[in-house]
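Numbering of ligands and ligand atoms starts at 1, following listing order. No hydrogens, no waters, no symmetry mates; every other heavy atom, side chains included, goes into these values.
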Amino acid sequence: MIQATEQEGRHADELTGCAVAIDGPAASGKSTVARAVADRMGYTYIDTGAMYRAVAWRASRAGLNPTEDAEAIGELASRLRFEFRDVGDDRQHLFVDGEDTEPAIRSSQVGNLSSPISAIPAVRRSLVAAQREMASRAPVVMEGRDIGTVVFPGAFLKVFLTASAEERARRRFEELVARGEDVLFEEVLADQRERDRRDMNRTISPLRKADDAVEIDTDPLSVEDVVERVIELLEDRLEERDEAGA
Ligand code: DC
């Protein structure tokens, strides 16, 4: 974990709610960037995609499918208790009803299922309520698809990350191979295009850049560059706010 500097840590108790909302399509680098920004600033990192994946995982385990059992899946989601815990490795684990969901929720099968699951209105209602509750206690960096548009339209800073479909599929492919999955690049690219199409065209909370979000194209940038850019934007906003309040 990267230590927050004194200057960065100073702001941690000044902001509550959603300090930074990071949205963007699958594998645009949201998780890595959000986690690093949260570490640097001493904020809490929340991966909302993990929550949709966890509902998909539990629904699949219960033998429910999104086409026929939308109502039952909505009810299931409303009963789940979500909690992010630090377990000592490089990523926070999402526990559902006390059960660690890692690494089960990272498989490509759960990833593909989470897209139709996330289009069920009752599922979104429950998860958005849980996300708002999580941010009510501490400043958070929250990443997903609808954070700046729906979950926290009043977020202090909104960032929208993009990258070409090929670059994103390459990142996802490498992640899955590193995890030991036997996948083909073309399959990963096709699944991702399908997921993007679904996430952008669903009627409820489609993936969309908020009008006041800053868009960053990550294709030509390293992760470190993107993190620096977000921290810079945040520091500028904090300075502007401090000056306005002085
Ligand atoms: O970011 P991810 O791949 O882990 O997200 C999994 C799925 O959840 C993805 O298909 C989109 C959906 N999702 C969503 O609809 N809203 C969010 N805030 C986060 C994820």
For this session: Provide the closest heavy-atom pair for Ile231 versus Met41 in the form atom of the first, atom of the second, distance.
Result: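 The pair with the smallest heavy-atom distance is CD1-SD, 3.9 Å.
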Problem set entry | Any N/O pair Asp47/ligand 1 closer than 3.5 Å |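 By distance alone, the answer is no.
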Exercise. Do any nitrogen or oxygen atoms of Arg202 lie less than 3.5 angstrom from nitrogen or oxygen atoms of ligand 1?
Worked result: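 Yes; the residue has a nitrogen or oxygen that sits under 3.5 Å from a nitrogen or oxygen of the ligand.
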For [atom], the protein heavy atom that lies nearest, with its residue and separation:
| atom | answer |
| --- | --- |
| atom 1 (O) of ligand 1 | Arg145 NH1, 2.9 Å |
| atom 9 (C) of ligand 1 | Arg195 NH1, 3.3 Å |
| atom 18 (N) of ligand 1 | Asp146 OD1, 2.8 Å |
| atom 19 (C) of ligand 1 | Thr48 OG1, 3.3 Å |
| atom 8 (O) of ligand 1 | Tyr52 CB, 3.5 Å |

Exercise. Which one holds for Arg124 and ligand 1: side chain close, backbone close, both close, or neither close, with close meaning a heavy atom under 4.0 Å?
Worked result: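 Under 4.0 Å from ligand 1, Arg124 contributes side-chain atoms alone.
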Problem set entry | Under-4.0 Å heavy-atom contact with ligand 1, by part of Arg172 that carries it |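 Side chain only; the backbone of Arg172 stays clear of ligand 1.
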For this session: Find the distance between NZ (Lys158) and CZ (Arg237) and round it off to the nearest 0.5 Å.
Result: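 Taking NZ in Lys158 and CZ in Arg237, the distance rounds to 9.5 Å.
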Checking [Y] against [X]: is there a side-chain donor and acceptor pair closer than 3.5 Å?
| X | Y | answer |
| --- | --- | --- |
| Asp47 | Ser31 | no |
| Asp199 | Ser115 | yes |
| Glu143 | Thr48 | no |
| Ser118 | Arg202 | yes |
| Asp225 | Ser222 | yes |

Exercise. Under the 6.0 Å and 45° cation-pi test, does Arg53 pair with Trp57?
Worked result: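 Judged by the rule (NZ or CZ under 6.0 Å from the ring centre, within 45° of its axis), Arg53 is not positioned above Trp57.
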Which of the atoms of ligand 1 are close to [X], meaning less than 4.0 Å from one of its heavy atoms?
| X | result |
| --- | --- |
| Arg53 | 2 (P), 3 (O), 4 (O), 6 (C) |
| Asp199 | 9 (C), 10 (O), 11 (C) |
| Ser118 | 12 (C), 15 (O) |

For this session: Could you go through the salt bridge (Lys or Arg N to Asp or Glu O under 4.0 Å) check for Asp191 and Arg172 one step at a time?
Result: CA-CA 11 Å; Asp191 283 352; Arg172 188 69 94 197; over 6 Å; no
Exercise. With respect to atom 6 (C) of ligand 1, which of Ser114, Ala119, Ser31, Ser115 exhibits the smallest heavy-atom separation?
Worked result: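 Among Ser114, Ala119, Ser31, Ser115, the closest heavy atom to atom 6 (C) of ligand 1 belongs to Ser114.
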